[in-house]
Structures are given as C-alpha cells and as structure tokens.
There are 2 protein chains.
Amino acid sequence: MSVDDGQLDRAFAALGDPVRRAMIARLSRGPATVNELAEPFPITTQAVSRHIQVLEAAGLITRTRDGQRRPCHLVPATLEALTSWIDEYRLETERRFRRMDAVLNAMKEQEQ
Amino acid sequence: MSVDDGQLDRAFAALGDPVRRAMIARLSRGPATVNELAEPFPITTQAVSRHIQVLEAAGLITRTRDGQRRPCHLVPATLEALTSWIDEYRLETERRFRRMDAVLNAMKEQEQ
DNA sequence: CCTATATTCAACACATCGGTTGATCAAGGG
DNA sequence: CCCTTGATCAACCGATGTGTTGAATATAGG
C-alpha cells in the first residue's frame, strides 16, 4: 500500500546502482545536501543531482529546502515496502522447502 | 555474506523489472521451466530465457536438469541478503528518527 | 532414424542509463 | 548591487537493456 508497481520498479532499479546504494547508506546517518552526497564520488555534481532525482522518483528519499540547499532525507517506509515484497516470496519458498524436507523424512521413516 | 557488491547490483537491478518480479512470485510456489514461466507473458520464449539468465547471474535462482527441461528454483538466501542490506539502513534511519523525537519531546518539556 | 519439443545463440533495432560539458537559475553575503 | 555558491537544465555520447526474428542445439519419443 502506498507504493504502486511502478514505484517498486523504480525503487528496486534505483538500488541496482552502487552509487545510489552508497547514497542511501550515507543518508541513513542523517540528511545531506547534493554537494555533501557528491563528495565521496569522482563524478560531477550534475550526475549526482540526477541520481538524487532517481531516488526521489522512486520514493526512497524526500527533499526539503534550507536556503539554497536542498537536503535529502531517507524514507524508511519505502525501504520497508521493498523488504515486505521480498519477504513475502522468500518466506513462502522457505515454507515450501520445510514441507519438502518433512516429506523426505517421512519417506526415510517408511523405508525402515 | 556470500553475496558480493556485484551480486547486490545484479540482484536489485533484476528485481527492477516487473516481468522478473512476476517470475520470482511464480517460483516461490515451486520450480518451473522456461516455457511455464513464459506462459503468462506476451513475449517470446527467447526473451524469457534471457530474463532467466539475468535472474541466475544475480544468484536469485538456480537451474537443474530434467531431460530436455531446465527447471528454475528460487534461492531464498539471496533474497535474504537483499532484505538484510535494506534493513541495515532502514533500521538505522528509524533509530535516528526516534532519537530526534526524544529530543523534541525533551525540548517541549523544557518549555513548560 | 526422424521428428517434435525445450531451450539457447546470434544479430539486429530501439530505448534507457549514466556520464560528460556548458549554460542557467536562485539564494546568500560582502 | 554584484559575485559566489548550490543546484538544475539541456544536449550529447557510449554502453547496456529488452525486445524481435531466424538459426542452432539437444533430448524425447514414435
């Protein structure tokens, strides 16, 4: 809820880039401006600005205004939507594996 | 562990495509062949075959052999690596938010 | 054997991505 | 006011992604 399929597309794809993942990691420790986020990377501020736009379009961050700065803030709810999606299928798979194990064990019992 | 950064790149990027996410959903209910996975989509089997290769390269699935079939199996451990990555930063952010709330409440106390 | 089925490989078209440079806009500070 | 700083817009480029068609490979099965 609150994230449609297109948002899932954009959010997962956004996390597929190591630069953007590093930005997420940085933002988990507090808000940061474009220049602050750009600092660790050997790329132009423009490139970073576009990475930020991608993260914003994905709903992974929001932006506020502080004079001429545009600080970025992580949105944990969107991260949570991603883990929820993944966990749904991971848990189903693990349940299935456990059922399969049970069947195999039962067959082993039978054999003896 | 067991998944390097390149794997994270590939796995997150792989989930950025709705066709591949649908395949993951399908595979959570049990193994499936290329043709079975292709059935719901209006694309060629070749295209599906390449989606499968992408999922395999990302470590999200493995493949076995059954005669001329090549069944796909979901790898829950890789899904778990993704949720672990996300949760690390989501939880850090939420902790930070709670600390901030505490400070704000303390300031409110002070005022009275 | 010969043929049908399951899957993959190869070559191509087209869109998107991630970077660049150069120009522009907006807010602050002497 | 002007000039600097923070950020973005626009145009371009090479690489990658996703689909197609057509050919190839491999196993199954009469």
Between [atom1] on residue [X] and [atom2] on residue [Y], distance to nearest 0.5 Å:
| X | Y | atom1 | atom2 | answer |
| --- | --- | --- | --- | --- |
| A:Arg69 | A:Thr64 | CZ | OG1 | 12.0 Å |
| B:His51 | B:Arg20 | NE2 | CZ | 5.5 Å |
| B:Ile86 | B:Phe12 | CD1 | CZ | 4.0 Å |
| A:Leu91 | A:Arg96 | CG | CZ | 12.5 Å |
| B:Thr45 | B:Ile52 | OG1 | CD1 | 10.0 Å |

Check the distance between [N]'s [atom2] and [X]'s [atom1] and give it to me in whole angstrom.
| X | N | atom1 | atom2 | answer |
| --- | --- | --- | --- | --- |
| B:Arg70 | C:dT5 | CZ | C1' | 15 Å |
| B:Leu55 | C:dT8 | CG | P | 12 Å |
| A:Asp66 | C:dA27 | CG | C1' | 11 Å |
| B:Arg65 | C:dA6 | CZ | P | 14 Å |

### Nearest-nucleotide pick for A:Arg69, side chain only, options being D:dG6, C:dT8, D:dT27
D:dG6
### C:dT8 OP1/OP2 closer than 4.0 Å to side-chain N/O of B:Arg63
yes
### Query
OP1 or OP2 of D:dG29 less than 4.0 angstrom from a side-chain nitrogen or oxygen of B:Gln68, does that happen here?
no
### Query
Does the pair B:Arg99/B:Glu92 count as a salt bridge with the N-to-O cut at 4.0 Å?
yes
#### Entry: Ion pair check, A:Arg90 and A:Glu94, cut-off under 4.0 Å
yes
### Query
What residue among A:Val75, A:Leu15, A:Val54 forms side-chain contact (heavy atoms from CB on, under 4.5 Å) with A:Leu60?
A:Leu15
### Message
With nearest nucleotide decided by heavy atoms, which residue, B:Gly67 or B:Val54, maps closer to the 5′ end of DNA chain D?
### Response
B:Val54
## Note on the structure
Within residues 43-52 of chain A, those residues having any heavy atom closer than 4.0 Å to DNA chain C are A:Ile43, A:Thr44, A:Gln46, A:Ala47, A:Arg50, A:His51
### Query
By a strict heavy-atom criterion of less than 4.0 Å, which residues belonging to residues 7-38 of chain B are in contact with DNA chain D?
B:Asp17, B:Arg20
### Message
Can you give me the closest heavy-atom contact between A:Leu82 and A:Ala11, atom names plus distance?
### Response
CD2-CB, 3.8 Å
